[in-house]
Amino acid sequence: MGYSVGQVSGFAGITVRTLHHYDKTGLLSPSDRSPAGYRLYSDPDLARLQQILFYRELGFPLDEIATILEDPQANALDHLRARHRLLTEQITTLQRLVEVAEHAMEVQQTGVELTPEERFEVFGEVTFDLTYATQAHLKWQHHEGHQRSMARAATHSKEDWTTIMAEAAGWRLRLTAAFDAGEPPDGERAMDLAEEHRQHISRWFTPCPTDMHGRIADDFATDPRAFALVVPPTAQRPGLAPYLHTAVHANAVRRSSPA
């Protein structure tokens, strides 16, 4: 039983045009004929096609595939080893390009102009989730506060970031201490910590009125990736994100109330 070019195209997942090209170049030609004279692919033809597709998937050029299949003395293993070396080199190159692209995206989405080594040294376990950073950038990109924050972040030196992270670490310790001590989230101590966080944002990134601070806190309460930017997972406690959320909004009410 033979198979038409259309049938082979369908179950092999390649175009009729590709099969015609293989036929024209002599790489694979139908070896059978139907009673009506139409050319048909035999089972050995399909076995050859399978080999061709295998080598094509590995990136072999057609002329090299033809050499491997046609020359009985050709050592397919040598060809495969050479291809393996080339693919390994390409993978290494592509991985470097991926790292460059990821760093460029991080800078674009977070505004942090640090090398990966500096980033690790300064931020430690506080890491930027690139997916969240991208989503946040798309969400807030037209807001003046976000634009100003990104611009300010891009001007910070390694020394600036070291100071910023030291301030954040001290605040984080005081926040968790208040939470662990059972201080109410709408109490003075918690609200003071919320205000300290708001002032930190205003000092280092962009003026942060209480309504903006509330939107930031809303993200803390609903998205673990956002909260991990201020409290890394190893320092978190169940309920701490809602606690901070409540404290931020309570502080906003306090500051809007007449003295």
Side-chain angles (χ1 to χ4, degrees), residues 1-113 115-117 119-120 127-142 150 223-226 228:
M1 177 180 178
Y3 303 90
S4 69
V5 65
Q7 289 174 312
V8 173
S9 170
F11 59 67
I14 57 177
T15 65
V16 169
R17 182 177 181 180
T18 297
L19 287 170
H20 284 320
H21 178 68
Y22 289 171
D23 185 11
K24 182 178 180 180
T25 59
L27 184 61
L28 175 67
S29 298
S31 57
D32 285 347
R33 294 273 183 177
S34 71
Y38 294 106
R39 304 179 72 187
L40 300 174
Y41 291 89
S42 66
D43 287 339
D45 294 336
L46 297 184
R48 182 181 176 90
L49 175 60
Q50 188 175 33
Q51 290 181 289
I52 293 170
L53 296 179
F54 167 72
Y55 287 117
R56 286 294 290 152
E57 186 70 19
L58 292 176
F60 281 87
L62 294 183
D63 56 350
E64 191 171 352
I65 295 174
T67 299
I68 296 171
L69 297 182
E70 296 299 333
D71 183 0
Q73 304 302 319
N75 189 330
L77 184 58
D78 288 341
H79 287 274
L80 289 170
R81 283 173 175 157
R83 179 59 49 176
H84 180 273
R85 286 194 298 271
L86 178 60
L87 290 173
T88 301
E89 292 170 0
Q90 291 174 341
I91 289 170
T92 301
T93 300
L94 289 172
Q95 186 59 48
R96 285 198 298 267
L97 291 175
V98 166
E99 291 171 358
V100 170
E102 286 178 345
H103 177 60
M105 288 188 293
E106 284 184 298
V107 170
Q108 182 69 29
Q109 306 298 3
T110 67
V112 181
E113 292 274 5
T115 67
E117 292 78 13
R119 184 185 293 266
F120 178 79
T127 59
F128 291 94
D129 185 306
L130 191 55
T131 302
Y132 172 74
T134 301
Q135 292 174 352
H137 179 72
L138 293 174
K139 180 179 179 181
W140 303 111
Q141 61 182 322
H142 300 300
M150 294 288 287
D223 194 327
R225 300 171 302 174

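Please read these numbers as outputs of a predicted model, since none were measured by experiment.
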- Item | Partners passing salt bridge (Lys or Arg N to Asp or Glu O under 4.0 Å) against Arg81 (at least two apart in sequence or in another chain) |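 Arg81: salt bridge (Lys or Arg N to Asp or Glu O under 4.0 Å) contacts with Asp78.
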- Task: Name all residues meeting the salt bridge (Lys or Arg N to Asp or Glu O under 4.0 Å) criterion together with Arg39; count only those two or more places apart in sequence or in a different chain, and write none if there are none.
- Result: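 Result, salt bridge (Lys or Arg N to Asp or Glu O under 4.0 Å) vs Arg39: Asp23.
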- Task: Search all heavy atoms of Pro30 against all heavy atoms of Tyr41 and return the closest pair with its distance.
- Result: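 Here Pro30 and Tyr41 meet closest at CG-CZ, 3.5 Å.
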- Message: Is the shortest side-chain heavy-atom distance between Leu62 and Tyr22 below 4.5 Å?
- Response: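 Yes - at least one pair of side-chain heavy atoms lies under 4.5 Å apart.
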- Between Leu86 and Phe60, is any pair of side-chain heavy atoms under 4.5 Å apart?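 Heavy-atom side-chain distance check fails, nothing below 4.5 Å.
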- Item | Any donor-acceptor pair under 3.5 Å from Ser9 side chain to Val5 backbone |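 Between the backbone of Val5 and the side chain of Ser9 there is no qualifying donor-acceptor contact (under 3.5 Å).
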- Task: Give a yes or no answer on whether the side chain of Gln7 reaches the backbone of Ser4 with a donor-acceptor pair at less than 3.5 Å.
- Result: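 At least one qualifying donor-acceptor pair exists.
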- Message: Could you go through Tyr55 and Leu80, starting from their C-alpha distance and side-chain angles, then the distance that decides it, and tell me whether this counts as side-chain contact (heavy atoms from CB on, under 4.5 Å)?
- Response: CA-CA 9 Å; Tyr55 287 117; Leu80 289 170; 3.9 Å; yes
- Query: Say you draw a straight line from CG of Leu58 to CD of Glu64; how long is it, rounded to the nearest 0.5 Å?
  - Reply: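 Taking CG in Leu58 and CD in Glu64, the distance rounds to 10.5 Å.
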- Message: Once rounded to the nearest 0.5 Å, what's the spacing between atom CD1 of Ile65 and atom CG of Leu28?
- Response: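 Between Ile65 CD1 and Leu28 CG, I get 11.0 Å after rounding to 0.5 Å.
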Atom pairs and distances, donor-acceptor, side-chain atoms in residues 44-52, under 3.5 Å, two or more places apart:
unit_1, atom_1, unit_2, atom_2, d
Asp45, OD1, Ser31, OG, 3.2
Asp45, OD2, Ser31, N, 3.0
Asp45, OD2, Ser31, OG, 2.7
Asp45, OD2, Ser42, N, 2.8
Asp45, OD2, Ser42, OG, 3.1
Arg48, NE, Leu27, O, 2.6
Arg48, NH1, Glu70, OE2, 3.1
Arg48, NH2, Leu27, O, 3.0
Arg48, NH2, Glu70, OE2, 2.2

